[in-house]
2 protein chains.
Amino acid sequence: MTTLKDLSRHLGLSVTQVSRALNDHADVSEKTKVRVRDAAKSLNYEANVLARRLVTGRSGIVGLVYPTMPDPSDSWYFMQFVAGLSKEFSRLGRQFMLHMPDDAGDHLDVYDRLVRSRSIDGFIIMTPMVADPRVNFLRSRSVPFVLHGQTMDEPDYPFFDIDNMAVGYDLTAYLADRGHREIAIINGNPGASFVERRFDGYRQALRERGLPNRAQFEAAGMMTADLGLLETVRMFQSDGPKPTGIIASNLRIAKGIISALNAMGLRVPQDVSVVAHDDKLPDVSAESLGSGLTTTEAPLGDSWEPLARFLNATLDGAPLSEVQEVGPHSLVERGSVAVR
Amino acid sequence: MTTLKDLSRHLGLSVTQVSRALNDHADVSEKTKVRVRDAAKSLNYEANVLARRLVTGRSGIVGLVYPTMPDPSDSWYFMQFVAGLSKEFSRLGRQFMLHMPDDAGDHLDVYDRLVRSRSIDGFIIMTPMVADPRVNFLRSRSVPFVLHGQTMDEPDYPFFDIDNMAVGYDLTAYLADRGHREIAIINGNPGASFVERRFDGYRQALRERGLPNRAQFEAAGMMTADLGLLETVRMFQSDGPKPTGIIASNLRIAKGIISALNAMGLRVPQDVSVVAHDDKLPDVSAESLGSGLTTTEAPLGDSWEPLARFLNATLDGAPLSEVQEVGPHSLVERGSVAVR
DNA sequence: TAACGTTGCCGAAACGTTTCGGTAAATAGC
DNA sequence: GCTATTTACCGAAACGTTTCGGCAACGTTA
């Protein structure tokens with residue numbers, strides 16, 4: 001394999017100058033640069049990344065620690081995410097590495113080891129918690145990272161997110177403004193930041209309109225059709241008021257809600273209205289649920305490009321203002337809501 | 001960050017001896033080893049992989065170049081594969097990196113770049129072709145790799161595979177031995193080694209029994225339910241003899257076959273018998289197809305452990321005999337075959 | 001006691017880059 | 001014509017490991 005030394009010998013230049021020429025530094029004459037580049041090409045020279053990494057102290061690799069083995073139904077999303085990040089980073093000249101620890105937990109030890117052995121330059125963090133230990137840990141070690149989402153405090157780190165509070169608010173307001181007074185929400189795992197933000201939006205919309213905020217109308221859990229089904233049945237079988245409108249935090253939950261309503265002989269939207277947030281994953285579509293589901297939508301698939309870009313820019317020293325973004329979402333009416 | 005030098009100063013030992021102690025070399029006294037290990041732990045020392053890589057010339061990273069963006073229905077399998085390899089390698093002290101090139105093709109250029117820049121020590125190669133250019137390329141550069149499958153020639157490389165010829169043979173023989181004379185097979189993409197081997201087994205079983213081997217009874221394509229459906233319809237709508245037994249190369253194809261038969265008013269197994277190979281993927285189960293499908297089975301999920309182990313051993317210099325294995329498969333009768 | 005193998009240790013070189021500090025020669029300023 | 005600046009280059013150090021060759025001290029053997 002050709003090294004810089006070979007090249008320098010061959011050209012009658014110092015190793016220093018050859019290195020600087022190839023890296024396009026200012027104090028190399030244009031003529032020499034051309035000469036060096038030609039020689040590099042003809043000698044089939046490719047820089048040894050291992051040596052470069054040692055001296056720069058950077059591995060050139062960014063990582064994602066995937067917390068759990070995803071549910072089979074999440075696998076398409078997972079794959080899209082991994083593939084998207086992988087490609088995006090390779091386009092940006094970095095490598096992306098996935099780490100899947102065996103056991104559950106926040107895996108701070110995994111981060112610690114990766115950081116200490118200097119094998120990872122920066123991290124992508126998915127679905128952050130309200131107070132996320134990973135964020136605190138990486139911040140304390142001043143290791144670069146980018147969040148898919150935000151924690152609850154003012155973000156002093158790079159992130160890409162959608163306005164989940166607005167999502168919760170918009171869906172609630174949509175139902176309320178059409179006369180619904182008893183509105184339930186079936187949300188994701190408690191503690192996850194996006195879940196709490198959607199709850200916040202939901203509560204704020206209720207509060208502003210003087211509508212009741214009932215504890216038994218707030219459900220949370222792993223976002224599956226089963227959750228939607230079970231929680232809907234629970235709400236309709238317990239004593240007290242029944243919801244006339246239900247908000248689902250994703251389409252799988254919505255699917256479960258609709259199954260439950262059908263099973264109980266309730267029609268959508270005549271008896272109960274249903275709205276949901278749609279991540280635009282290919283496993284379920286809002287059109288195909290019932291006779292079309294009214295949703296807020298924001299494609300999850302649009303997130304990896306900014307995430308990769310932001311982490312990359314951060315590693316290149318970009319200021320915080322350039323690596324924070326709240327992406328758009330929109331409301332699409334499809335007729336799963338009746339006016340009361 | 002603690003370095004070897006810090007450690008050696010702290011212990012009053014030479015850097016050499018500290019390094020050798022941590023790497024468990026023979027010429028370090030047991031007492032010193034313990035002392036060094038304790039100090040390393042208490043000083044929170046973790047070897048700088050970048051330096052180690054430079055001096056050993058090895059990146060410690062193995063790679064998989066995933067050829068295409070998998071079909072959504074393949075994503076669970078893909079994820080299992082990636083997760084399995086990732087974990088397995090991390091257990092073995094290596095890191096696993098996925099590369100997903102944008103465009104289709106052999107991606108020999110991708111392999112070339114990864115090899116030349118010394119960023120990957122070895123590769124896992126999935127679904128090899130009968131004559132696989134990647135195998136030839138890596139062999140010519142003497143880069144270690146392991147095959148999930150085999151090419152058609154005598155394998156002089158590490159691999160894990162199942163006996164696909166036997167799979168084709170067993171399924172065919174099972175039908176033939178129950179009186180079927182017109183047996184069709186719907187297989188995977190032509191050129192893939194496992195596909196051709198199953199065809200070979202199918203043909204051999206027919207030949208040995210003096211049964212006709214009709215070109216129109218051999219179908220191949222992307223292994224989806226659509227393929228099974230379309231090819232079944234084609235076989236029954238064209239002139240000439242109709243199959244009384246159909247072999248599906250996986251359960252998705254089988255599902256399509258059964259849909260087609262149902263649509264045409266044919267019953268399984270009374271009118272047409274169906275058997276399949278079952279990879280034990282969680283999206284379809286042999287039990288739930290029709291009233292239970294007779295299959296050969298070999299869990300794909302059992303493959304990544306040997307694959308990782310073999311590549312790892314190869315990198316550590318293990319002889320070929322220890323890194324080649326043909327895994328088991330079994331035949332499970334479930335009553336989708338009628339005796340004629 | 002002399003020769004010899006074993007044990008436990010060390011200094012220095014090597015891996016192939018990048019970069020710091022310095023230095024001649026060429027150019028510019030006045 | 002003299003000083004100041006710019007241009008183009010170089011030697012050497014640094015990054016943190018692993019490993020090669022050597023070397024004392026010690027016990028064993030004859």
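Heavy-atom basis, side chains included; hydrogens, waters and symmetry copies ignored.
- Residues passing the side chain to side chain contact (heavy atoms under 4.5 Å, CB included) test with B:Met126, sequence neighbours excluded: B:Leu64, B:Tyr66, B:Tyr77, B:Phe81.
- The list of salt bridge (Lys or Arg N to Asp or Glu O under 4.0 Å) pairs with a residue in residues 313-328 of chain B, not counting sequence neighbours, reads B:Arg94-B:Asp316.
- Residues satisfying the salt bridge (charged side-chain N to carboxylate O under 4.0 Å, His left out) test with B:Arg58, not counting sequence neighbours, are none.
- Residues B:Ala51 and A:Asn23 each lie close to DNA chain C; by heavy-atom proximity, the contact nearer the 5' end of the strand is made by B:Ala51.
- Remark: nothing in residues 110-123 of chain A comes within less than 4.0 Å of DNA chain D through any heavy atom.
- The side chain of A:Asn48 contributes no N or O atom lying less than 4.0 Å from OP1 or OP2 of C:dC15.
- Legend: residues meeting salt bridge (charged side-chain N to carboxylate O under 4.0 Å, His left out) with B:Asp161, ordered by chain and number and at least two apart, are absent.
- Minimum atom distance to the side chain of A:Ser29 is reached by D:dA8, of the listed D:dT17, D:dA8, C:dT18.
- For the helix from C:dT1-D:dA30 to C:dC30-D:dG1, the angle separating the two terminal helix axes comes to 40°, with each axis derived from five pairs and the value rounded to 10°.
- Scored by the side chain to side chain contact (heavy atoms under 4.5 Å, CB included) test, A:Arg52 finds A:Asn23, A:Ala47, A:Thr56 as partners (sequence neighbours excluded).
- Within the structure, every side-chain polar atom (N or O) of B:Tyr45 is placed at least 4.0 Å from both OP1 and OP2 of D:dG16.
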Do any N or O atoms of the protein come closer than 3.5 Å to N or O atoms of nucleotides 10-12 of chain C, and which pairs are they?
{"residue": "C:dC10", "atom": "OP2", "partner": "B:Ser14", "partner atom": "N", "Å": "2.9"}
{"residue": "C:dC10", "atom": "OP2", "partner": "B:Ser14", "partner atom": "OG", "Å": "3.2"}
{"residue": "C:dG11", "atom": "N7", "partner": "B:Thr16", "partner atom": "OG1", "Å": "3.2"}
{"residue": "C:dG11", "atom": "O6", "partner": "B:Thr16", "partner atom": "OG1", "Å": "2.8"}
{"residue": "C:dA12", "atom": "N6", "partner": "B:Thr16", "partner atom": "OG1", "Å": "3.1"}

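- The stretch residues 35-44 of chain A has no heavy atom under 4.0 angstrom from DNA chain D at all.
- Scanning for side chain to side chain donor-acceptor pair (under 3.5 Å) contacts around A:Arg35 gives an empty result, with sequence neighbours left out.
- For B:Asp38, the salt bridge (charged side-chain N to carboxylate O under 4.0 Å, His left out) test picks out no residue, with sequence neighbours left out.
- Qualifying side chain to side chain donor-acceptor pair (under 3.5 Å) partners for A:Thr32, counting only residues two or more places apart in sequence or in other chains: A:Ser29.
- OP1 or OP2 of D:dT18 lies within a sub-4.0 Å distance of a side-chain N or O belonging to B:Ser19.
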